Each structure stands twice: as C-alpha cells, then as structure tokens.
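Note sheet for the following structure.
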Amino acid sequence: MSAHGTEYALHSGSTHAVITAVGAGLRQLSVAGVSLTPGFRSDVLRPYYSGIVLMPWTNRVRDGVWTYRGRQQQLAVTEPERGNALHGLLCFTPYRPLEHTPAAVTLAAEVYPQHGYPFRLDTRVRYTVADDALHVTHTVINAGNAAAPVGFGAHPFLCLGDVPTGELTLSVAADTHIDVDERLIPVGTSDVRDSRWDLRTGRRVADLDLDDSFTDLHIVDGGSTHRLRAPDGRTVSLWADEQFGYVHVFITRSYRTQAGMTTAVAIEPMTAPADAFNSGAGVRWVEPGSAWSASWMIRYG
C-alpha cells in the first residue's frame with residue numbers, strides 16, 4: 001500500500017510522471033526512458049520531503065513564531081533539531097483530484113484557520129506532461145475575510161538517468177547568496193562573485209555541499225533556469241517564472257532510492273525565502289476572494 005495516498009500516472013509521448021495525493025508530490029519523472037528524478041519507494045516515507053508542495057510558506061520560520069496585527073503567532077515546530085516550522089502546512093495532507101486525464105492532473109487542498117496561521121486558503125496544483133517536460137502551475141485562492149500572507153514553492157530532486165549525480169555539473173542562474181545562521185535562518189545576503197556560492201557557470205556536484213538559497217535570479221523570457229548537465233551534454237533543467245524570486249539548492253549523499261543510497265540534488269523554486277513571515281521578503285498578501293498563480297517546469301534536453 002502506498003504511503004503517499006492515491007498515485008496519478010501521467011504520460012504524453014515519451015514523457016512519464018507519477019504524482020502522489022499526499023503533498024501533491026512528484027514521485028517519478030522520466031523522458032525517453034531517462035529518469036529525471038531519483039524516485040523513491042511508494043511504501044516508505046519520502047526522503048527529505050522529496051517532490052512536495054510548500055504552502056503557505058517555504059523553507060523555515062524561526063521558532064515557528066511571527067507577528068500578525070500586533071499579535072504573536074505560534075506555528076508548530078516541525079524541525080525540532082533546529083527549532084523551526086518547516087515547509088508549510090500541507091506536506092502530509094492528501095490532496096483530492098479535480099481533474100485527471102492521461103497527460104494531466106489537478107489536485108486541490110484547503111488550509112483552514114489554525115494556531116499560527118488564522119487564514120482560510122483554497123489551493124490547487126496542476127501537473128501536465130508534454131514536449132519532454134513536466135509543467136506545474138500553483139494557484140491559491142483566499143477563501144477567508146482578511147488578506148493572507150502566502151509564499152509557495154516545490155521540492156523536486158533531479159538526476160539524469162544512470163549518470164552518477166556527483167559527475168553532473170550544477171549551474172544556478174543567481175547573483176546573490178542568502179547568508180544564514182546555524183539554524184539556516186537568513187541573516188543577510190552576499191554577492192556570489194569570487195565566492196564558493198558562484199554557480200553561474202557551473203560546478204561539479206561532487207565538489208559541492210549545499211543547503212542554500214539564492215536570489216537576484218537571471219530572468220530570461222519571463223523566467224529563470226537552473227540545470228544539471230551530464231558529461232555527454234545532456235541536461236535536466238528547472239525553469240520557474242519570475243514570480244519565483246528565489247531558488248534553494250540542497251545536496252544530500254544519503255537519498256534512499258529503491259536501489260539504495262545515492263547522491264541527490266534538490267532544486268527548489270520558491271516565491272519567498274526562509275523566515276519570510278518575519279522579514280516580509282517575497283510574501284504575497286492575497287486579498288479575500290482573490291487568486292494568485294505561478295508556474296515552473298522540469299525539462300530534459
């Protein structure tokens with residue numbers, strides 16, 4: 001039995017994906033038989049929040065505490081080792097299907113008023129496979145009676161078939177690194193130029209140790225593109241529209257797949273950075289009855 005609820009298989013041409021109801025998560029993606037995600041077993045807890053939707057905040061909130069209209073709000077601390085509220089409220093929520101065709105699925109879930117987040121949101125995520133790519137659109141609708149602070153993103157891990165991930169070259173189209181403290185909470189920013197954070201021209205994954213966010217992204221034709229490149233020139237890229245003003249990159253050497261432990265790289269599009277409810281950076285205040293949408297895509301090249 002799946003630990004991730006109902007699974008929705010999508011296919012178009014040579015592109016195939018598996019989306020899970022729990023967390024509206026991406027479990028598998030391949031093009032022309034080439035795996036673009038490392039995948040994970042359906043009967044175990046997904047590793048490192050793999051593939052889930054981050055909503056209504058991304059990354060972390062320090063101590064789970066922020067202030068709304070002069071009153072302190074206390075979110076559940078879901079990262080106890082660092083004392084933070086991690087990755088929003090819908091990570092383990094089973095989304096329900098609004099539409100499912102061979103090539104697309106639209107999933108929906110609600111955020112209800114609760115301790116630390118006294119707002120009502122209707123959320124939707126639409127996945128579509130086409131043209132050697134997976135297209136994803138997030139929509140949030142404020143179903144309450146007060147403007148609600150929202151940030152959202154996703155947590156996909158990427159790979160390139162049987163090419164060892166350490167041999168891939170990672171490039172991140174960003175000019176600014178978000179500096180953090182020991183709890184991974186932002187304390188400032190720095191120019192990536194002449195630093196170990198400069199990934200604009202690419203660096204080998206085996207030489208990197210990252211759990212870091214970037215901003216001042218290079219916007220071309222309405223979005224930014226970050227990619228992994230194999231020695232033979234093939235690439236898997238993550239494109240996100242300009243509403244995603246941040247990207248987080250996480251590398252682990254202990255990602256558990258069906259074949260065992262491997263190195264994996266998460267490239268996470270985010271509309272806001274960590275602790276945004278306190279800093280205000282990237283937070284979108286969605287008015288009652290209003291909707292906000294943004295899109296990203298994984299492409300094989």
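Computed from a predicted structure; not experimentally measured.
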**Worked check of side-chain hydrogen bond (donor to acceptor under 3.5 Å, both in side chains) between His135 and Trp296** = CA-CA 6 Å; His135 305 258; Trp296 56 277; over 6 Å; no
**Request:** Test Arg46 against Thr20 for side-chain contact (heavy atoms from CB on, under 4.5 Å), laying out the working first.
**Result:** CA-CA 11 Å; Arg46 70 183 71 229; Thr20 67; 3.0 Å; yes
**Request:** Please test Trp197 against Val172 for side-chain contact (heavy atoms from CB on, under 4.5 Å), starting from the C-alpha separation and ending with a verdict.
**Result:** CA-CA 9 Å; Trp197 313 117; Val172 177; over 6 Å; no
**Message:** Please evaluate residues Tyr255 and Ser50 with respect to the criterion side-chain hydrogen bond (donor to acceptor under 3.5 Å, both in side chains), reporting the C-alpha separation (whole Å), side-chain torsions for both, the decisive distance (0.1 Å), and the verdict.
**Reply:** CA-CA 9 Å; Tyr255 187 101; Ser50 185; 2.8 Å; yes
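Proximity of a side-chain donor or acceptor of Ser279 to a complementary backbone N or O of Ala281 within less than 3.5 Å is detected. Remark: the backbone N or O of Ala21 is not paired with any side-chain donor or acceptor of Thr6 at under 3.5 angstrom.
Side-chain contact between Val150 and Val283 is absent, with no heavy-atom pair separated by less than 4.5 Å. The shortest side-chain heavy-atom distance between Arg41 and Arg256 does not fall under the 4.5 Å cut-off.
Within 6.0 Å of atom CG in Asp207, more than 12 heavy atoms from other residues, nucleotides or ligands are found, so the atom counts as buried in its surroundings. Taking a 6.0 Å sphere around CZ of Arg27, one finds it holds more than 12 heavy atoms contributed by other residues, nucleotides or ligands. With a 6.0 Å radius and a threshold of 12 heavy atoms from other residues, nucleotides or ligands, Asp194 has its CG atom at or below the threshold. With a 6.0 Å radius and a threshold of 12 heavy atoms from other residues, nucleotides or ligands, Arg124 has its CZ atom at or below the threshold.
Ion pairing between a basic and an acidic side chain is recognised when a charged N comes within 4.0 Å of a carboxylate O; Asp181 and Arg183 show no such pairing. With salt bridges taken as basic N to acidic carboxylate O contacts below 4.0 Å, one links Arg200 and Asp175. With respect to the salt-bridge test (charged N to carboxylate O, under 4.0 angstrom), the residues Arg60 and Glu79 qualify. A salt bridge is defined here as a Lys NZ or Arg NE, NH1 or NH2 lying under 4.0 Å from an Asp or Glu carboxylate O, and Arg126 with Glu99 meets this definition. The existence of a salt bridge linking Glu167 and Arg229 is excluded, since no basic side-chain nitrogen approaches an acidic carboxylate oxygen closer than 4.0 Å.
Linking Ile, Leu, Val, Met, Phe, Trp and Tyr residues whenever their side-chain heavy atoms come within less than 4.5 Å places Met55 and Phe277 in a single cluster. With hydrophobic clusters built from ILVMFWY side chains whose heavy atoms lie under 4.5 angstrom apart, Ile178 does not share a cluster with Phe214. Val77 and Leu86 are assigned to two separate hydrophobic clusters, defined by single-linkage of ILVMFWY side chains at heavy-atom distances under 4.5 Å. No chain of hydrophobic side-chain contacts below 4.5 Å, direct or via other Ile, Leu, Val, Met, Phe, Trp or Tyr residues, connects Met297 to Val236. Cluster annotation: Tyr48 is not connected to Ile52 through the hydrophobic network of ILVMFWY side chains, with a link wherever side-chain heavy atoms come within less than 4.5 Å.
In this structure, CZ on Phe244 lies 10.5 Å from CE on Met270, to the nearest 0.5 angstrom. Taken from CG in Leu158 to CD in Glu268, the straight-line distance is 10.0 Å, to the nearest 0.5 Å.
When each of Leu238, Leu36, Leu29 is tested with Pro156 by the rule side-chain contact (heavy atoms from CB on, under 4.5 Å), just one qualifies, namely Leu238. When each of Ile267, Leu26, Thr252, Thr257 is checked for a side-chain contact (heavy atoms from CB on, under 4.5 Å) with Phe157, only Thr252 meets the rule. Checking Leu10, Leu107, Ile19 one by one against His100, the side-chain contact (heavy atoms from CB on, under 4.5 Å) holds for a single residue, Leu10.
One side chain, Trp292 or Gln243, offers a donor N or O that lies under 3.5 Å from an acceptor on the other. In the model, Asp179 has a side-chain atom that pairs as donor or acceptor with a side-chain atom of Ser190 under 3.5 Å. Side-chain contact, Ser224 with His226: a donor N or O sits under 3.5 Å from an acceptor N or O. Asp212 and His248 are not linked by any side-chain donor-acceptor pair at a separation below 3.5 angstrom, with hydrogens and angles left out of the test. No hydrogens or angles considered: nothing links the side chains of Ser2 and Ser42 as a donor-acceptor pair under 3.5 Å. The closest side-chain donor-acceptor pair between Arg299 and Thr235, if any, does not fall under 3.5 angstrom.
Remark: aromatic rings of Tyr8 and Tyr95 are distant, center separation not under 6.0 Å.
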